[in-house]
Each structure stands twice: as C-alpha cells, then as structure tokens.
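These notes concern the structure reproduced below.
For clarity, every value in this text was computed on a predicted model and none was experimentally measured. What you see below is based on every heavy atom in this structure, not just the backbone, and it leaves out hydrogens, waters and symmetry mates. We count ligands from 1, going down the list as the structure has it; atoms in each ligand are counted the same way.
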Amino acid sequence: MPFSQLGLFSSLVRGAQALGYTQPTPIQARAIPAVLAGRDVIASAQTGTGKTAAFALPVLNRLGPHRPGSPRVLVLEPTRELAVQVETAFRELGRFTDLKTLVLHGGVPPGPQRNALRTGADIVVSTTGRLREFLDLKLIRLDSVGVLILDEVDRMLDMGFIDDVKAIVKLCPPARQTLLFSATVPPKLEDIARFALRDPERIAIARAQAVTATINHAIHTVSEDQKFDLLLALLQRADFKSVIVFSRTRHGADRIAHHLRIANHAVAVMHAERSQAQRVAALAGFKSGKQGILVATDIAARGLDVAGVSHVINYDVPQNPEDYVHRIGRTGRAQVTGDALMLATPEEAGAVHAIEKFIGQSIPRIPLEGFAYAGGSPPEVDSSKPGAGGPRRPGRQRLGAGGQQQGEPGRHQSRAPGRPAHGGGHPTYHSKGKPGAHWRRRS
Ligand code: AMP
C-alpha cells in the first residue's frame, strides 16, 4: 500500500517521498492508521525499521497548521544524538508544512534553546535531563501537550531515567495521546505502559526477522591477549568502508581508538565522557567518511541512523544480549546487508550463549585464515551451556600481545601478526556471502 493510501495529507506524503520513501515499512503500515485514529500505541520495533516516521508522519498530520505558544507534541529521547536525529526527521518529513520543531538537550549552553522556546515550537524533542532543568526553571510548560511520544523506552529504563519520565508524564494533560516505542519489551515496560497509556493498540514487529534478515553474523574466537591484534588483522584484510567497533567501557574505547590511530587508521570516538561538541564532531566525521572507523560504547548502539555501515565489530561480547541486537542494528539497515562480527574469548562463552539464545540462532565461529593464533589455532568458546566460561573478568582487557604495555606505539604495526602470509593482493569482500568468506584472500 503506498503512503498516499494511509490517510496522510499530501504535504506529508510529499515529505516522505522527498526522503526517498516509496512504500511504508511494516511498522509504518500498522502504526500510521492507529495514530491517525487517535489511539495510544505501544510498538516494539528495532531501530532501522522506519519507526521514527511511523510516529512522526501521523503526528504531524494531526497537528494542522502552526500555532504559537507551548509545544503540542513532546518527544522524549534517551540520548542527545537520538534527540537530534528524531527532531531532524520531524523537520524533514514536515518540510512542506509550516510546523515548527525544536530540539532540547544537555551538553550545550541553554541560552539558544531558551531563546528558541520563546519563539514557540509545535513539536519539542528533548532528553529528559534538559527538559526537567527547563521545567524547574519554568522555561517550558507542558499543559498544551496533546501527543506525548516516549521513544526507546527500554533504553531509558536501562539508563535509569524512568523516574524522570514518570515525572514528565504527570505534567502532561491527562487527555492526551501517548505513543510508546521500544526496541524490546522488558517486563518493566508494562509498568510504565500502565502508568502512561490508555487502552493502547499493541504493534510488534518480529524480532527474529529484524535481527537476521540482512545481517551476516560471525564470531572470531581469540585469547584476550590477542584481541587487538585480531582486530587489526580484520581491518587489514577486508574492504571495510564504514565500521563501528563497540567497546564495553569508555576507557576501553579510548584505548582501542588510540592504538588504531597508531596503526594509521582514521578513527572517531564516541562515548558518554566526551563533550557534546566532540560527540557531534565524531558522528559527523564518521557519517561523512572522513573517519572510516567509529569506536563507541553502547551509547552509539541505540537508534543512531548512519547510512551504509558495512561492519559492526563487537570488540567485547556485550553482557546484555539486547545490547547485541542494538549494536548490530547499526548495520544491515534498510534492506542493505551488513556484517556483525564478535571477538570472543573463552571467558566470554557465557555471554555468547545468552546472545545466541536471545536471537534464537547459533553464530558461526570463523577462524581468521593466516592469523598467528597463540597455540596454533583459535581457542574454543563453548557456549553450549549457560554460564559457560564463567563470569567475565572486568578490567582484564589488554591491548596487544605478550604482556605489551599500553602506550608502546608501533608494536602492533611491526609485529603485525594478522598480516597475510604472502604479500600483495587484496582481500575479497562479499557482502552477501557466507560469514567468513569476507576474510579470505583472493589468490
Ligand atoms: P528508523 O528506524 O526510524 O531509525 O529508520 C531507519 C532508516 O530507514 C532511516 O534512514 C529512515 O530514513 C529510513 N526509512 C524510514 N522509512 C522508510 C521508508 N518507508 N522507505 C525507505 N526508507 C525508510
């Protein structure tokens, strides 16, 4: 069914077409009519499914022309980047309307946001922190909010924002429409749903489909000491265009980035300890291709929409299986195939087991041909039993082999254990091939 048959104004159909959308995605086909009908909605859908337009288009449709004064739509987002991204989507989809949008988030001086609020916006997209700050200062009123959108609610739960969310919900008029979007539906979500929604329509877009359809998964098993060398070897072999390397910790992300730079890779870094300006610059550099590698913590895993990420590399096995789904969701978006690789040590077998159970499939172990594995072959990561491999030892992560100290530049380059055994030639990259085929050299 084309967009024009969903009951949207032609200005919004044109807005969607201007972004290259021809057919609604499944979440859009289901959510748009429900939102247009004024229903509350709980939708569980991964990012990458088109969920932003699934709420933005019908909400823009319901607003009519611009009205000065307090916002009539409030969207809450867990991170600054998501707030910016979602406000951009509203603005672009609504480009043929006169509706005004505004994004509020921390990490930047409040002055310009305060001034913009005075001019008035129909739609405000905000993180919870900055919104509460502005509410406390009486800089914004929520008594005109007719539509409240709680986006990425599972992430807000994880980040401990739920009390803030509840406090904000209480300040919105009871007679409103509420839309709740979440990639996953943990039990706690039902609690906030009961609190904030009335007789919601439930829409679920199958998780298994979302996870497996366009992504090739592979695990490279390796000892902790050789993890970074394996990462370098992978990066040397494949035709990587745009890679996100996920690290569990901020410190780990900084160290990986530091050592990748030493190995002459152009790297952007994103984690919560970086300033807002640094985060914006990192994302812009990665999106423009100036840096082909983004090293990030899970802050970058949720929702961020970067076109054409060819590979996601999990440098650490995520402890929470849902984080795996979010991380790999950065690739394989919008029906383009992508590769999700995970470097796993025997100690991480338990976490690997949890992920395989969660996504309902086992992930193939792929040895990297020609890599000088300590002991001659990749270690076994037996995830057949829950808890296999025992708990992960935090802080044990080391970069480089053989007790190499941090900050010893050059050793990775000179040792280059992952370099192909014979020189010349280029790695073959098949985006649709079997996992692991990507790393085989053309002979
Ligand atoms: P989201 O899940 O909202 O983050 O969207 C993921 C990506 O899909 C974004 O780049 C959107 O611009 C894109 N997208 C959303 N809806 C459609 C559609 N109907 N057709 C093609 N691309 C879309």
Side-chain angles (χ1 to χ4, degrees), residues 1-8 10 12-33 35-36 41-61 73 75-95 101 103 123 125 149-155 179-185 203-207 209-211 213-215 242 244 283-284 286-288 299-310 312 322 325-338:
M1 182 193 285
F3 275 103
S4 53
Q5 285 178 24
L6 288 174
L8 295 166
S10 61
L12 294 168
V13 175
R14 278 168 61 214
Q17 283 165 348
L19 290 180
Y21 304 176
T22 46
Q23 291 287 325
T25 63
I27 181 84
Q28 290 163 1
R30 294 198 49 199
I32 290 173
V35 178
L36 285 177
V41 167
I42 298 185
S44 62
Q46 304 294 330
T47 57
T49 54
K51 72 182 177 65
T52 313
F55 59 76
L57 282 170
V59 163
L60 286 162
N61 204 93
V73 174
V75 188
L76 289 183
E77 294 290 339
T79 66
R80 298 165 191 173
E81 284 78 13
L82 274 169
V84 170
Q85 187 174 294
V86 167
E87 190 261 346
T88 305
F90 267 98
R91 193 161 15 91
E92 290 183 337
L93 289 166
R95 73 175 75 182
T101 62
V103 62
I123 299 147
V125 184
I149 301 165
L150 309 175
D151 192 22
E152 301 272 340
V153 177
D154 51 348
R155 182 64 170 160
L179 314 177
L180 187 157
F181 282 76
S182 187
T184 54
V185 188
I203 300 172
I205 298 298
R207 184 182 70 208
Q209 224 183 340
V211 170
T214 55
I215 296 172
S242 186
I244 303 183
L283 202 56
F286 183 60
K287 280 187 174 177
S288 71
I299 195 165
R302 304 275 178 134
L304 285 189
D305 183 33
V306 183
V309 174
S310 62
V312 165
E322 287 172 12
V325 176
H326 291 299
R327 287 180 178 192
I328 66 171
R330 299 315 94 219
T331 189
R333 291 170 82 78
Q335 309 309 313
V336 178
T337 53

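Remark: ligand 1 atoms within the under-4.0 Å shell around heavy atoms of T25 are 17 (C), 18 (C), 19 (N). The distance from ligand 1 to the heavy atoms of T52 drops below 4.0 Å at these ligand atoms: 1 (P), 3 (O), 4 (O). Listed by atom number, the atoms of ligand 1 under 4.0 Å from Q23 heavy atoms are 18 (C), 19 (N), 20 (N). Contact atoms of ligand 1 toward T49: 2 (O) (distance under 4.0 Å to a heavy atom of the residue).
For the ring-ring contact (aromatic ring centres under 6.0 Å, His included) test, residues two or more places apart in sequence or in another chain that qualify with F181 are F55. Checked against side-chain hydrogen bond (donor to acceptor under 3.5 Å, both in side chains), T101 has the following partners two or more places apart in sequence or in another chain: E87.
No option in L19, T88, V59, N61 other than L19 meets the side chain to side chain contact (heavy atoms under 4.5 Å, CB included) test with L93.
With a heavy-atom cut-off of 4.0 Å, F3 touches ligand 1 through its side chain alone. At a heavy-atom distance under 4.0 Å, only side-chain atoms of Q28, from C-beta outward, approach ligand 1.
Ligand 1 does not have L19 within reach: every non-hydrogen atom of the residue lies 4.0 Å or more from it.
Interatomic distance, CZ of R95 versus CZ of R14, reported as 10.0 Å (0.5 Å rounding).
Residue A53 places no N or O, backbone or side chain, under 3.5 Å from any N or O of ligand 1.
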